[in-house]
Amino acid sequence: MPPDFISTHYYPTDAFGEIGADTITQLEHAPLDVMRQHALTAREQAAGKPLLYTEWNITSNPRDPMHDSAVAAALAVRIVMGVDDVVEAYSYWTFSDIFEENYFPSEPFHGGFGLMNLHGIKKPIYHAFAMVGQLGPRHWPLAQTHPTVMAWVGDTDARTGVCHVLAINQAMPRHPIGDEAISVRLTPAPGRRARAVSIARIDEQHANPVALWRNWDAPDYLSAQQVAQLKAAAQPQHEALAFRIEAGALVIDATLAPQSANLLRIEWEAA
């Protein structure tokens with residue numbers, strides 16, 4: 001019988017993998033849009049059938065420190081937003097570091113594939129996906145030509161009067177990247193004005209529990225208090241952000257750290 005759908009797996013390191021090669025070098029040679037390129041090829045090969053990516057991650061190494069890091073968050077956002085219009089389903093491997101394919105060490109952060117570690121501490125990439133979800137069912141890319149910055153704006157929630165802008169500053173390893181200043185300009189719907197703006201960040205200094213764990217000299221075993229501290233450190237925190245109105249448009253300025261995912265929250269009210 002003919003297939004009902006096409007299922008495939010792909011990792012951004014796959015085409016650049018060699019025996020003994022490290023994933024940093026593999027990603028260094030991978031184009032920023034490597035996953036979109038491959039998805040477009042698979043889309044053509046699927047010949048109209050639904051295309052399901054039932055496994056992917058930022059690297060295929062089951063013990064990769066990048067999986068636990070803030071670097072994974074920004075790269076994952078670029079990947080999922082880049083294939084959003086190409087695939088029917090895109091399933092991350094895996095939800096937790098506890099799974100049966102490989103043994104899992106007792107070390108809290110061992111570079112496992114999971115969105116959460118074995119203590120249920122959410123890694124930066126977990127919250128990156130949550131940020132994508134905050135955009136809502138409809139979102140649009142913001143026009144820009146910067147080599148490392150990308151941004152998307154979500155529709156305003158009719159119930160809460162809130163919309164979100166998701167912005168990343170991301171490059172592959174060993175490529176130039178630094179702090180980037182952005183200015184977002186949004187025209188409100190008729191009869192609306194901005195009441196408040198805030199930003200939540202995922203980067204080396206924010207929502208990055210593995211950094212705190214390393215500051216403790218990377219203990220193999222955690223107390224209940226340490227687990228609670230790491231869970232709190234993993235949570236992105238919204239901070240108020242200044243804004244201004246120019247010719248009726250809302251203008252927001254922000255600085256994006258290298259290898260970061262950032263969520264702007266805009267609260268609208270009746271003018």
Side-chain angles (χ1 to χ4, degrees), residues 32-33 36 70 73-90 92 115 122 124-170 178-203 205-207 232 234-271:
L32 280 173
D33 64 345
R36 179 174 176 83
L75 177 53
V77 170
R78 182 182 292 275
I79 289 172
V80 297
M81 299 305 285
V83 302
D84 185 51
D85 62 336
V86 181
V87 302
E88 276 71 31
Y90 212 61
Y92 186 82
L115 298 173
K122 296 169 182 175
I125 196 168
Y126 181 105
H127 290 293
F129 284 131
M131 287 181 172
V132 171
Q134 287 295 307
L135 290 177
R138 297 199 305 166
H139 53 265
W140 302 269
L142 294 179
Q144 53 79 39
T145 58
H146 195 277
T148 65
V149 173
M150 294 189 73
W152 303 264
V153 60
D155 208 357
T156 300
D157 187 305
R159 180 178 58 86
T160 64
V162 171
C163 76
H164 294 86
V165 176
L166 178 57
I168 61 169
N169 181 21
Q170 185 268 327
D179 288 341
E180 294 294 342
I182 65 167
S183 185
V184 177
R185 186 181 186 93
L186 300 175
T187 301
R192 308 293 287 178
R193 67 185 176 194
R195 178 176 65 243
V197 176
S198 62
I199 186 170
R201 307 174 189 271
I202 302 173
D203 55 40
Q205 305 300 323
H206 301 87
Q235 185 70 36
Q237 301 295 325
H238 273 273
E239 307 168 7
L241 198 61
F243 63 92
R244 63 186 187 276
I245 307 300
E246 291 183 356
L250 169 66
V251 181
I252 308 167
D253 296 324
T255 300
L256 310 183
Q259 309 292 9
S260 66
N262 309 267
L263 187 70
L264 301 173
R265 173 187 168 95
I266 300 102
E267 300 177 26
W268 302 99
E269 64 181 2

Rounded at 0.5 Å granularity, tell me how far CG in L263 sits from CZ in R201. 11.5 Å

Give the minimum heavy-atom separation between I199 and A254, together with the two atoms involved. CD1-CB, 4.3 Å

Taking the side chain as every heavy atom from C-beta outward, state whether V165 and L186 have any atom pair closer than 4.5 Å. yes

Tell me the closest heavy-atom pair linking F243 and L250, and the distance in Å. CD1-CD1, 3.4 Å

Quick one: which of T148, D203, N262, T255 gives a side chain to side chain donor-acceptor pair (under 3.5 Å) with N169? T148

Quick one: are P188 and R193 in side-chain contact, heavy atoms under 4.5 Å? no

How many angstroms lie between atom OG of S183 and atom CD1 of I252, to the nearest 0.5 angstrom? 8.5 Å

Measuring from T156:OG1 to W268:CH2, what's the distance to the nearest 0.5 Å? 6.5 Å

Is the shortest heavy-atom distance from the side chain of D84 to the side chain of H139 under 4.5 Å? yes

Could you tell me if the side chain of C163 sits less than 4.5 Å from the side chain of D157, heavy atoms only? no

Keeping the roles fixed (side chain from R78, backbone from M150), state whether a donor-acceptor pair exists under 3.5 Å. no

Search all heavy atoms of A73 against all heavy atoms of P124 and return the closest pair with its distance. CB-O, 3.7 Å

Any donor-acceptor pair under 3.5 Å from H164 side chain to Q134 backbone: yes

With a 4.5 Å heavy-atom cut-off, do M131 and I202 have their side chains touching? yes

Could you check whether any side-chain heavy atom of V80 comes within less than 4.5 Å of a side-chain heavy atom of Y92, counting everything from C-beta outward? no

Do the side chain of R36 and the main chain of G82 share a donor and acceptor less than 3.5 angstrom apart? yes

With I168 as reference, evaluate V77, V149, L75 under the side chain to side chain contact (heavy atoms under 4.5 Å, CB included) test and give the passing residue. V77

Side-chain touch T160/E267, heavy atoms, less than 4.5 angstrom: no

Is there a side-chain contact between I182 and H146 in this structure, where contact means two heavy atoms from C-beta onward sitting under 4.5 Å apart? no

Any idea which heavy atoms bring R265 and H238 closest together, and the distance? CB-CE1, 3.7 Å

H206 NE2 to Q237 CD distance, which is reported to the nearest 0.5 Å: 10.0 Å

Under 6.0 Å from the CZ atom of R138, do we count more than 12 heavy atoms belonging to anything else shown? no

A76 to F129 - nearest heavy-atom pair and separation: CB-CZ, 4.3 Å

Quick one: closest heavy-atom pair of A234 and K122, and the distance? CB-O, 3.2 Å

